[in-house]
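Right, one structure below, let's go through it.
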Amino acid sequence: MATTKTHPHDPLPAGIDPCDVPSHGHQALRLAEARDRIVRDILPVQGRETLPLLAALGRVLAEDVRATVDVPFHRNSAMDGYALAGAGLPAAGTASFEVVGTSWAGHPFDGPVGPGQCVRIMTGASVPEATDTVVMQEHVRLVDGRAVIEPGHRLGQNVRPAGEDIRRGDVALRAGTPLTPARLGVLASIGVSEVVVRRRPRVAVFSTGDELRSVGEPLGPGQIYDSNRATLHGMLSRLEADVIDLGIIPDTREATLDAFQSASRQADLIVTSGGVSVGDADYVTETLERHGQIGFWKIAMKPGKPIACGRFGPALFFGLPGNPVSVMVTFYHVVRPALLALMGVVEPDPPVLLRATCTTRLRKKPGRLEFQRGVYERDASGRYAVRSTGHQGAGVLRSMSEANCFIVLPLEHGDVEPGSEVDVQPFAGLI
Ligand code: AMP
Ligand code: MG
């Protein structure tokens, strides 16, 4: 890969506190409100790097990019056909034009074209100066080296003006835009070979719990494998974060403090799972209270117990519940928007919601926004139908892995009977 310039660790400016309105003990906040409050105060990482265009997929532009050329660069043909001056098109009867040359893509015809003359032209080839109209070849009869044309054509047809796509001097893409394949193409079309992007956010991840073992280790009595680091690693990597895996931290005061100190030296954001629920062997809360800042967001959503949020040194912190499904749901709906803000994404794509007919019965108590897991598909009539993946326990990760969408049930909603309409949020583009 070509040279890249990496900047040193540049922590978030101190003094911003996304946890300024903890709602522990108060009425639970609606998810959208909590998310807005959390995201509002997050400043993007300041470091920038210059990358070769093809290495920048998924990264976020740090500066506006202006076009220094028109796209297309020259007036060109949208069809294979014949270029001529449209004034000579027949209104009735036929007209015939002498073919005086050929304009190939990349090899323009540079001779004169007079009235009664035309030029054979290929798609993408420059339209000769004296011409303004292209008649597609399927509409032309060649008779003795002359192009015979019927009525029914329009002056100016099949000609793509210079600058039709992007005009020289315009902002082609704004700072804060994530680079998708189409946007790499736009940048290439204006001749950009290097882009200035924000550096990737560094996210430290660790799991807490004496019951946890890493894959590759044998399980003892009462132990389980740590799956949260695997899902978090996947979700963070999809978002182009640099993941720093700090492993499993045992439930002790010393180990927890060590882990936070190590994490905050390396990372912009610390994401932990487990150990923040009431009554736990809870050193996460204690460590943050003593050495950092912590607040609890009681969000009226399910799954997702109170989510802890705070700072340790310069690093932002989210403490997610331990249950594997809760981790994924709270990540997507709370951490992901925060991470996008940290990445410098200015206008994240709004969530996609589809209306679907629910074919299974869903149990739901009013009072919380629920993200049940479902499988949706288009039925023969072109409408969406969705069914539950079954057991919706917060520990049942299979409900996520078999699903292709969240079934989003509003706060006030009760049970859903088969045949009712529900909102569905596809995983595509989200997960
Ligand atoms: P906690 O929030 O620590 O009380 O954990 C809630 C539940 O999630 C418990 O059943 C834990 O064993 C489980 N759990 C916590 N962390 C993990 C993890 N990293 N991987 C899988 N399960 C976990
Ligand atoms: Mg625990």
Side-chain angles (χ1 to χ4, degrees), residues 19 22 24 28 203-237 241 243-260 262-263 267 269-289 294-310 312 317-336 368 370-373 389 391-403 431:
C19 296
H24 203 41
V203 184
V205 173
F206 60 87
S207 301
T208 69
D210 280 345
E211 76 279 27
L212 302 176
R213 284 293 171 274
S214 292
V215 290
E217 296 172 356
L219 285 187
Q223 297 181 334
I224 59 169
Y225 283 118
D226 172 5
S227 58
N228 290 342
R229 267 186 307 137
T231 55
L232 284 169
H233 181 91
M235 295 186 290
L236 288 163
S237 300
V243 184
I244 303 162
D245 183 352
L246 296 180
I248 297 164
I249 306 304
D251 289 324
T252 70
R253 191 166 284 131
E254 298 70 30
T256 307
L257 180 58
D258 272 1
F260 273 104
S262 162
L269 170 62
I270 305 169
V271 180
T272 68
S273 68
V276 290
S277 41
V278 184
D280 212 308
D282 186 0
Y283 296 105
V284 172
T285 306
E286 185 193 293
T287 302
L288 267 294
E289 273 169 352
I294 188 166
F296 283 90
W297 289 87
K298 201 166 142 201
I299 303 176
M301 67 183 277
K302 184 181 175 184
K305 291 186 206 168
I307 299 165
C309 173
F312 192 96
F317 158 75
F318 284 107
L320 305 183
N323 275 311
V325 177
S326 306
V327 166
M328 295 198 73
V329 172
T330 52
F331 182 91
Y332 282 119
H333 295 287
V334 180
V335 182
R336 182 179 185 269
R368 288 199 286 179
E370 269 194 46
F371 295 97
Q372 300 204 8
R373 280 75 66 200
T389 52
H391 186 31
Q392 297 285 311
V396 182
L397 205 43
R398 215 160 47 83
S399 73
M400 280 295 298
S401 75
E402 289 178 355
I431 291 189

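Everything quoted here is computed from the prediction, not taken from an experiment. All ligand and atom numbering here is 1-based and tracks the order in the structure.
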Practice problem: Please say whether G322 places an N or O atom under 3.5 Å from an N or O atom belonging to ligand 1. | Solution: yes

Quiz item: Any idea which part of L212 is under 4.0 Å from ligand 1, heavy-atom wise: side chain, backbone, both or neither?
Solution: side chain

Self-check item: Any N or O of G275 closer than 3.5 Å to N or O of ligand 1
Solution: yes

Quiz prompt | Full working for side-chain hydrogen bond (donor to acceptor under 3.5 Å, both in side chains) between S207 and N228 | solution = CA-CA 7 Å; S207 301; N228 290 342; 5.4 Å; no

Self-check item: Subset of ligand 1 atoms that lie under 4.0 Å from at least one heavy atom of Y225
Solution: 20 (N), 21 (C)

Quiz prompt | Aromatic contact, Y332 with F371 (centres under 6.0 Å) | solution = no

Practice problem: Output yes when a side-chain donor or acceptor of S273 lies under 3.5 Å from a complementary backbone atom of L320, and no otherwise. | Solution: no

Quiz prompt | Heteroatom proximity flag, R229 to ligand 1, N/O under 3.5 Å | solution = no

Exercise. Rounded to the nearest 0.5 Å, what's the gap from CG on L397 to OG1 on T231? Could you check?
Key: 6.5 Å

Exercise. Could you list which atoms of ligand 1 come closer than 4.0 Å to a heavy atom of S207?
Key: 19 (N)

Self-check item: Nearest-0.5 Å distance that lies between atom CG in D210 and atom OG1 in T252
Solution: 8.0 Å

Quiz item: Under a heavy-atom criterion of less than 4.0 Å, does S227 contact ligand 1?
Solution: yes

Quiz item: About how many Å separate CZ of F260 and OG1 of T272, when rounded to the nearest 0.5 Å?
Solution: 5.0 Å

